[in-house]
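Notes follow the structure.
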Amino acid sequence: MTTIISPKQFSPVEDAENIRKACQGWGTDEKAIISILGHRNLFQRKLVRLAFQEIYHQDLLQQLKCELSGNLERAISLWTLDPADRDAVLANETLQKSDPDYRVIIEIACIRSPEDLLAVKRAYKFRYKHSLEEDLASSTTADIRKLLVGVTSAYRYDGDEFDETVAQSEASTLHQEIHGKAFNNEEVIRILSTRSQAQLNATFNIYKDIYGHSITKGFPGGDYFSTLRTVIRCIRDPKKYFAKVLRSAINMEETNEDALSRVIVTRAEKDLKDIKELYLKRNNISVDEAVAREWSGDYKTFILALLGADQN
């Protein structure tokens, strides 16, 4: 979504030098850093980071962490990381918290492609010297552990084909297991952690046709069902899910910068345009306007740059 400088104008060496200049003197020139990194695509950012390392023998990320602070530092650092490494950091950070936000894990496990998820797990193992599944199992218990480890361990088929007979059978199974008196999580977890997105969406659609409501309607309370609801929403309609996360992050009594940064940074080079359109349709205000209204300073400037609002 961010507006990118054309390749003919791009020089990783000049960018590295200008970032270094912005970090020198009495104060950091945050606006200069934003004007550079906020308008570089993934490949360009990687080249800037390599140039910075080669010229100054220092990791650009370490320089940014020293010079920036708060929400701005976190957002720019996440943006500068490669996507797989970024997701590994996000996952580890949430698992270190006393009250983990499992939405972070579910987004990675259920929305990333099978190859992307595999890359995240490799990056996680390289960074932290143990597997994502191992840390996830250590941070969870009971059925939430089974569900989250299940979807994180999956390597789903990524095609569009689905089997309607299987969808009909498993829609019935899901209804019986979720709403029946003798609740058994094993079949629910098996279906949600092994079937492809296309197969699961076919199952969810048939479920609605048969029972007259979405599969998540009428879920009992509790942490497990809240987690299960998020898994289903991420599989069923990721863009709608992200639009809701943005609305919650912006409209909460205390705004949630972690959630805002996570969605904007991870989707800016994916489907942020579609998410923005859905947000506008559902909230009668654009994400750009909502961010400009609720935030100020350099953090707002950077987020708006990723949204493309500074080019309007």
Side-chain angles (χ1 to χ4, degrees), residues 87-114 116-117 120-121 124 131-156 170-171 173-197 199-201 203-204 207-208 211 213-249 252 256 258-260 262-263 266-267:
D87 281 346
V89 169
L90 286 168
N92 183 259
E93 285 180 349
T94 201
L95 292 177
Q96 297 305 312
K97 295 177 180 178
S98 58
D99 184 22
D101 183 356
Y102 294 128
R103 293 180 306 171
V104 177
I105 304 297
I106 295 166
E107 289 166 15
I108 294 168
C110 298
I111 296 178
R112 308 301 188 257
S113 72
D116 287 345
L117 176 57
V120 173
K121 292 192 283 188
Y124 192 101
S131 72
L132 174 56
E133 294 92 331
E134 179 183 357
D135 284 355
L136 186 54
S138 299
S139 302
T140 52
T141 59
D143 291 326
I144 290 180
R145 172 191 289 165
K146 293 177 185 177
L147 176 61
L148 294 182
V149 171
V151 296
T152 304
S153 302
Y155 185 79
R156 303 175 191 273
E170 293 187 343
T173 299
L174 288 173
H175 181 75
Q176 182 178 352
E177 300 298 343
I178 291 172
H179 297 286
K181 292 182 179 180
F183 186 77
N184 177 5
N185 296 326
E186 299 298 330
E187 279 297 280
V188 175
I189 293 170
R190 175 190 67 80
I191 293 167
L192 292 178
S193 63
T194 61
R195 297 303 188 192
S196 70
Q197 184 181 34
Q199 184 66 50
L200 286 170
N201 274 316
T203 299
F204 299 153
Y207 185 103
K208 188 172 183 179
Y211 301 105
H213 57 79
S214 70
I215 188 171
T216 56
K217 186 174 182 180
F219 266 17
D223 291 341
Y224 171 75
F225 279 100
S226 175
T227 305
L228 183 63
R229 182 182 290 108
T230 301
V231 168
I232 291 171
R233 285 175 173 172
C234 283
I235 293 170
R236 187 171 58 191
D237 194 338
K239 294 170 188 175
K240 181 179 178 181
Y241 163 81
F242 280 126
K244 286 185 175 181
V245 173
L246 284 178
R247 182 177 64 187
S248 177
M252 286 176 64
N256 187 341
D258 281 354
L260 180 75
R262 185 178 79 249
V263 174
T266 61
R267 309 316 296 179

(request) Could you check Ile105 against Leu90 for side-chain contact (heavy atoms from CB on, under 4.5 Å), going step by step and ending with a plain yes or no? (result) CA-CA 8 Å; Ile105 304 297; Leu90 286 168; over 6 Å; no
(request) Keeping the roles fixed (side chain from Thr194, backbone from Arg190), state whether a donor-acceptor pair exists under 3.5 Å. (result) yes
(message) Are the side chains of Ile108 and Leu117 in contact, using a 4.5 Å heavy-atom criterion?
(response) yes
(request) Return the minimal non-hydrogen interatomic distance between Thr152 and Glu133, and the atom names on each side. (result) O-OE2, 4.0 Å
(request) Give a yes or no on whether the backbone of Arg195 and the side-chain of Arg156 come within a donor-acceptor separation of less than 3.5 Å. (result) yes
(message) With salt bridge (charged side-chain N to carboxylate O under 4.0 Å, His left out) as the test, pick out the partner of Glu107 among Arg267, Arg112, Arg262.
(response) Arg262
(request) Evaluate the criterion side-chain contact (heavy atoms from CB on, under 4.5 Å) for residue pair Leu132 and Leu95; output intermediate values, then yes/no. (result) CA-CA 10 Å; Leu132 174 56; Leu95 292 177; 4.0 Å; yes
(message) Within the 4.5 Å heavy-atom criterion, are Lys146 and Glu186 side-chain neighbours or not?
(response) yes
(request) Would you mind checking if Arg103 and Asp101 are paired as a salt bridge, meaning a charged N to carboxylate O distance below 4.0 Å? (result) yes
(request) Mind listing the closest non-hydrogen atom pair of Lys97 and Asp258 along with its distance? (result) NZ-OD2, 3.8 Å
Side-chain donor-acceptor contacts of residues 226-234 below 3.5 Å, not counting sequence neighbours, with atom names and distances?
{"from": "Thr227", "atom 1": "OG1", "to": "Asp223", "atom 2": "O", "distance (Å)": "2.8"}
{"from": "Thr230", "atom 1": "OG1", "to": "Ser226", "atom 2": "O", "distance (Å)": "3.1"}

(message) Does any part of the side chain of Lys208, heavy atoms only, come nearer than 4.5 Å to the side chain of His213, both counted from C-beta?
(response) no
(message) Tell me every residue that passes ring-ring contact (aromatic ring centres under 6.0 Å, His included) with Phe242, counting only those two or more places apart in sequence or in another chain.
(response) none
(request) Taking the side chain as every heavy atom from C-beta outward, state whether Glu134 and Ser139 have any pair of such atoms under 4.5 Å apart. (result) no
(request) Say whether, by atom type as modelled, one donor and one acceptor occur between the side chain of Asn92 and the main chain of Ala88 under 3.5 angstrom. (result) no
(request) Can you sort out the partners of Tyr211 under ring-ring contact (aromatic ring centres under 6.0 Å, His included), two or more places apart, ordered by chain and number? (result) His175, Tyr207
(message) If the test is side chain to side chain contact (heavy atoms under 4.5 Å, CB included), which one of Ile178, Asp143, Thr216 qualifies with Phe225?
(response) Ile178
